[in-house]
Amino acid sequence: RLQRLVRAARGPRAAEPFYVIAEKILAEGESMPRLPGVAGTTGYEWLNTISRVLLDPRGMPVLDATAQAFTGDDQPFAAVLAQAKRRVLHTILASEFTVLARLLARIAAGHWRTRDFTPDRLGDALELFVIHFPVYRTYVTVDGATPVDRATIARAIEAARAQWFGPDAAIFDLLQDALTRDLVGPGRRGYSPARVRQFSLKVQQFTGPMMAKSLEDTAFYRYFHLLALNEVGGDPTVPALTAARFHRRMAGHARTAPHGLTATATHDTKRGEDARARLLALPELAHEWAAHVQDWARMNAVLARSEGARRAPSRAHEYLVYQSLAGAWPLAGPDGSFADRMEACAIKAAREGKVETSWTNPDERYEAGLAAFVRGILDPTGSRAFIDSFSAFACRLALIGALNSLSQLALKAMMPGVPDFYQGTEFWDLSLVDPDNRRPVDFAAREAALRAVEERCDWQELARGWPDGRIKMALTRRLLALRAQFAPVFTDGGYRPLPVAGVDADHVIAFARHAGRDAVVVAVGRHFAQVTEGGRRWSAGAAWDAAIDVSPWTMLRDGLDGPRDIAGRMLEAADLFGVLPVAILAASGQGDAGRRRRPGLPLGERREVGEFVIPRGRSAVAA
């Protein structure tokens, strides 16, 4: 419908479809529905994919144990989410849920087989269904449910049945048939089609905000094992991605939805993309982190307020504060503005969690105690020992995080999809949750830095001054130039994993994007603690013991560090990773690495790709 409206507004001369993406949050394991006229999503699923492929799984058991011991909460995340859903159902969305329950009761009352189901029991069954519903929404229409939506509904129904006690188990048959619209399908009589249609559509409009309020705005503020994984559409309990699983996802992405956005920061992310990259390094320093948080808690115990058994901050919120500090810590040290930002972040997190305080019923005494704690630990006159200890650790974490960020940037720009750049992320983005991530952007500073890296890009010099963020801007500029230079490769090119051998093989992700006779080979590092002495020095190429098989391309050119030809079938990571943990190699006329594709058109021409026409002459980048 939107495509038709746009086409009518643009007139008969604009024949090609308009580029449309959907703000669609995909849960773990969920695929984008095939929605005609939609190129893909705004990219939260790829944000989480990049985070998980950069994550070192070996330290996660230590972080899990540390969080449980520090907070005293050993509940699994599934239980935390279920409690959050019940809280939202009974408070924020109680009115909307009541409407749905009454609609279901009216449907049941319309047939002799189900009219004895009481409204209370119907409401209880619907509540269990909503609590176990695993995604944001289905897309059942007046024509019925797709096989995927049927499977999703059946999965939630079965989980709800498993927790049902007492009679009337047949309620779930009624509920399932109403949600899929089978209740008024061919051969089914006695129920009102209008009521069933209204109920099924309203449930779909309800489950989206229900999941958002429960998962993003409640459960993520109660479960603090690793805050980097508490992102929109994410699941903090899903394991890290192996290189093989990452490649399978990317190959599928290149086939099914290559023109959706790839995001690493949005208006709605819980922290800046580079703050998240810092926290992704915590598993690599997990044992040190575990020891430090105990020391910091002892140092700061005097700043906590207690009223009987109640403590401000709670142990959970204290742990949240330490992680938030680690992600956003200024390398020059905290100042008053940083304390203001951290206080606002801590208060918002506490209200979102809805345990000690909330937006609808704020506890001023608790919030005052939490704010005083945050300001107290950041006060250089009274907490110098803590600040010195925390700063020493945070600076090491920041160095590893910066390398993570450069790998994250390269993956976003080179993998299938259209990379999206949130304003302000040209330098290190250490912002906290909104409204902190919506502060004014200093565009003048970015323009000046861009002019400097355009004139001369000395990677060694940029690495020495990495805290200023210019190295990130320089890499961004070069990656986007490569996308423009090899537009057919990145618009509709194929994806090929490249084998990596050697001791550090698991620390390198390598793949090729290819179209016709052109290709771009990409290699990025991950798990940097071992090549940085635990964050004490910038990584050097000589530290890497791995080799990448780049066949069938045997002659490539360095895409980042000047016109340098590189020959050979097996390329050493020690040679590729000099200053940067990223290598981009361009090949032209070397033969196709996968299925044959027609040669790319010259820049400035246009070509239809599936349903969409992609403009040439500029890289397909949303900025």
Side-chain angles (χ1 to χ4, degrees), residues 50 52-59 240-247 277-278 280-281 283-285 396-415 458-464 466 471-472 474-475 478-479 496-512 520-551 553-554 556-562 564-587:
I50 293 172
R52 285 171 52 207
V53 80
L54 295 178
L55 182 69
D56 188 344
R58 295 170 295 181
L241 276 177
T242 63
R245 289 181 61 202
F246 175 79
H247 290 317
R278 285 186 181 184
L280 287 171
E284 301 179 52
L285 304 176
R396 291 170 51 206
L397 193 72
L399 186 144
I400 300 175
L403 295 169
N404 268 344
S405 292
L406 298 178
S407 291
Q408 174 177 253
L409 172 60
L411 289 173
K412 177 175 75 171
M414 300 285 102
M415 64 189 261
D458 184 332
W459 295 111
Q460 288 280 3
E461 177 189 352
L462 291 171
R464 283 192 292 270
W466 69 265
I471 191 170
K472 182 184 180 185
L475 181 58
R478 189 66 195 117
L479 292 172
R496 173 172 177 160
L498 297 179
V500 184
V503 174
D504 296 330
D506 190 48
H507 298 256
V508 178
I509 305 292
F511 58 87
V520 175
V521 171
V522 180
V524 303
R526 61 175 183 165
H527 309 165
F528 293 105
Q530 68 166 20
V531 296
T532 60
E533 296 180 4
R536 293 178 176 86
R537 63 176 180 85
W538 193 261
S539 68
W544 297 88
D545 183 0
I548 303 166
D549 185 348
V550 297
S551 56
W553 303 285
T554 55
L556 302 103
R557 176 158 293 191
D558 193 324
L560 296 178
D561 202 20
R564 178 170 63 105
D565 290 340
I566 300 174
R569 185 180 69 85
M570 298 295 292
L571 302 183
E572 297 292 333
D575 296 329
L576 297 177
F577 295 160
V579 177
L580 296 172
V582 172
I584 311 292
L585 309 176

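Model, not experiment: these values are computed from the prediction. Atom set for the values below is all heavy atoms of this structure, side chains included, hydrogens, waters and symmetry mates excluded.
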[X] [atom1] to [Y] [atom2] distance, which is reported to the nearest 0.5 Å:
X	Y	atom1	atom2	answer
His247	Arg496	NE2	CZ	11.5 Å
Ile566	Leu576	CD1	CG	5.5 Å
Asp558	Asp575	CG	CG	11.0 Å
Asn404	Leu409	CG	CG	12.5 Å
Leu399	Arg278	CG	CZ	10.0 Å
Leu411	Phe246	CG	CZ	5.0 Å

Is there a side-chain contact between Leu580 and Ile471, using heavy atoms and a 4.5 Å cut-off? yes
Shortest non-hydrogen contact from [X] to [Y]?
X	Y	answer
Gly534	Arg396	O-NE, 2.9 Å
Glu572	Ala546	OE1-O, 3.3 Å
Ala510	Ile548	CB-CG2, 3.8 Å
Leu479	Ala410	CD1-CA, 3.7 Å
Ala240	Arg245	O-NH1, 3.9 Å
Leu571	Ala567	CD2-O, 3.7 Å

Listed partners of Ala244 passing side chain to side chain contact (heavy atoms under 4.5 Å, CB included), at least two apart: Thr242, Arg248
Going by atom type alone, with no hydrogens or angles, which donor-acceptor pairs under 3.5 Å involve a side-chain atom of residues 521-532 and a protein atom two or more places apart or on another chain?
unit_1 : atom_1 : unit_2 : atom_2 : d
Arg526 : NE     : Asp506 : O      : 2.9
Arg526 : NH1    : Val53  : O      : 2.7
Arg526 : NH1    : Leu241 : O      : 3.3
Arg526 : NH2    : Asp506 : O      : 2.9
Arg526 : NH2    : Asp506 : OD1    : 3.0
His527 : NE2    : Leu55  : O      : 3.1
Gln530 : NE2    : Asp504 : OD1    : 3.1
Thr532 : OG1    : Phe528 : O      : 2.9
Thr532 : OG1    : Ala529 : O      : 3.4
Thr532 : OG1    : Gly535 : N      : 2.9

Test Phe577 against every option in Trp538, Trp459, Trp544 by the ring-ring contact (aromatic ring centres under 6.0 Å, His included) rule and name the one that passes. Trp544
